[in-house]
There are 2 protein chains.
Amino acid sequence: MAPRVGLTAERLTAVGAELADEVGFDQVTVSELARRFDVKVASLYSHVRNSHDLKTRIALLALEELADRAADALAGRAGKDALVALANVYRDYAREHPGRYAAAQYRLDPETAMAGAGVRHSRMTRALLRGYDLDEPDQTHAVRLLGSVFHGYVSIEMGGGFDHSAPDTQETWSRVLDALDVLLRTWPSAP
Amino acid sequence: MAPRVGLTAERLTAVGAELADEVGFDQVTVSELARRFDVKVASLYSHVRNSHDLKTRIALLALEELADRAADALAGRAGKDALVALANVYRDYAREHPGRYAAAQYRLDPETAMAGAGVRHSRMTRALLRGYDLDEPDQTHAVRLLGSVFHGYVSIEMGGGFDHSAPDTQETWSRVLDALDVLLRTWPSAP
DNA sequence: GAAGTTTGCCTAAAGCTATTAGGCACAGGC
DNA sequence: GCCTGTGCCTAATAGCTTTAGGCAAACTTC
């Protein structure tokens, strides 16, 4: 019916990522993916171990793309400039690729996580903090705070959590970044 | 086989919430729930419209429980004391009831969201901010920031995102709350 | 307390997804 | 041009979701 379409794990992952953006990451199904390739479901199982494997690959792809964008954004910037740029990378990526962004949150087993681009992200946030004057362990605390704000804000905004209240979210986003900048510059040292 | 077991939407929701905590919210299935009641699957459909309806009810239950705890925690507290108490409500709830906490993130259609306890949450965060000196629109910005940090931190921590790095998460959590307190007291006014 | 009605759980069935086992044919090596 | 192997296919099992229609237990009413 579809002889030698040329399936590979990579193509499955890429199209799976598009699918995620269109229908949502949790709606990504081996069956739907097969349909997209006009191929029978069973055919995918030679390239991908199972549904979980497929989702893991999509997650790793998303983390990698996100890390690439972050690296780009941070190049040549420092201080608040870098902070805003990095923050916008996450927010913009989530808006452009909601399915992939959700995928990036897919829980990976520790080994997979270590092998993937997850580490790059915290390293880049640390790099950004070089523009501020923080020593360990405050730097780690700050890395975690930034991750929390970025992820928390973006995921609430995407989930429509800010929809039914007044000022527009762009305004809030700017003011939150202003506030974070101030906070990092005046970080309260340990008690 | 099981004559008049006494199914109601409420009992299904309650047991569904327990199920969520045990196996994860996304693993909550009408079939598994039927098994728990030792009843055939079809029987549940007289009490709950469908799987989405069931999950919505669990989500609303979780939001309500969370709002109740928050109200308790805020009673008689102000300033940083209140901030820490509220923050810990979210974090502790997520630790004690991971499935319910995930349920609270389940996307609701706008009307359902408005009817549910979602509004109570933002009202309480606003109440907490009375201890700080913020006028609109900064108050709204601050509400959103706090929501982002709480949700972001808790969901990354639960997802194991902080596992493979150095200082323990309790320490970071305290320092983050210290930082937020300082930030709210010295909130940067509009440019 | 018996008769009628409602209600609650059941059987049956169709459609979807995931996953495995084994077959056939097309592509490339010789 | 044959031969091998990889790549997609058919077939089959099993689980979850949802709807339609049945039967009997429980409530209502006299």
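Proteins come first, then strands; the chains are lettered A, B, ... in the order of their sequence lines, and each starts at number 1.
What separates CG of B:Leu54 from C1' of D:dT18 is a distance of 14 Å, to the nearest Å. Nucleotide D:dT10 holds its P atom 5 Å from the NZ atom of A:Lys40, rounded to whole Å. Between the CZ atom of A:Phe37 and the C1' atom of D:dG7 there is a distance of 14 Å, rounded to whole Å.
Take B:Glu22 and apply the salt bridge (charged side-chain N to carboxylate O under 4.0 Å, His left out) test, not counting sequence neighbours, and it matches B:Arg36. With sequence neighbours excluded, the residues satisfying ring-ring contact (aromatic ring centres under 6.0 Å, His included) with B:Tyr153 are B:Phe162, B:Trp173. Residues that satisfy the salt bridge (charged side-chain N to carboxylate O under 4.0 Å, His left out) test with A:Glu136, not counting sequence neighbours, are A:Arg126. Partners of B:Arg77 according to the salt bridge (charged side-chain N to carboxylate O under 4.0 Å, His left out) rule, which considers only residues two or more places apart in sequence or in another chain, do not exist here. Scanning for salt bridge (charged side-chain N to carboxylate O under 4.0 Å, His left out) contacts around A:Arg185 gives A:Asp181, with sequence neighbours left out.
A:Asp109 places no side-chain N or O within donor-acceptor distance of the main-chain N or O of A:Glu111, the cut-off being under 3.5 Å.
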Review item, nucleotides 19-25 of chain D N/O atoms under 3.5 Å of protein N/O:
from: D:dA25; atom 1: N3; to: B:Arg4; atom 2: NH1; distance (Å): 3.2

Below 3.5 Å, can you tabulate the donor-acceptor pairs from side chains in residues 59-73 of chain A to any protein atom, sequence neighbours excluded?
from: A:Glu65; atom 1: OE1; to: A:Tyr93; atom 2: OH; distance (Å): 2.6
from: A:Glu65; atom 1: OE1; to: A:Arg100; atom 2: NE; distance (Å): 3.1
from: A:Glu65; atom 1: OE2; to: A:Arg100; atom 2: NH2; distance (Å): 3.4
from: A:Asp68; atom 1: OD1; to: A:Arg120; atom 2: NH1; distance (Å): 3.1
from: A:Asp68; atom 1: OD1; to: A:Arg120; atom 2: NH2; distance (Å): 3.0
from: A:Arg69; atom 1: NH1; to: A:Glu96; atom 2: OE1; distance (Å): 3.3
from: A:Arg69; atom 1: NH2; to: A:Glu96; atom 2: OE1; distance (Å): 2.8

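Minimum heavy-atom separation, B:Val28 to B:Gly16: CG2-O, 4.0 Å.
Within the structure, salt bridge (Lys or Arg N to Asp or Glu O under 4.0 Å) contacts touching residues 41-57 of chain A (residues at least two apart or in different chains) are A:Asp53-A:Arg57. Within the structure, the salt bridge (Lys or Arg N to Asp or Glu O under 4.0 Å) test picks out the following pairs touching residues 138-151 of chain A (sequence neighbours left out): A:Asp138-B:Arg175. Among residues at least two apart or in separate chains, there is no salt bridge (Lys or Arg N to Asp or Glu O under 4.0 Å) pair with a member in residues 160-170 of chain A.
Regarding contacts with the backbone of C:dC9, a side-chain N or O of B:His47 is found under 4.0 angstrom from either OP1 or OP2. When the side-chain nitrogen and oxygen atoms of B:Ser43 are compared with OP1 and OP2 of C:dG8, none of them lie within a distance under 4.0 Å.
Closest to the side chain of B:Val41, out of D:dT18, C:dC9, D:dC8, is D:dT18.
Contacts with DNA chain D (heavy atom under 4.0 Å) in residues 27-36 of chain B: B:Thr29, B:Val30, B:Ser31, B:Arg35, listed by number. Less than 4.0 Å separates DNA chain D from no heavy atom of any residue of residues 18-25 of chain A.
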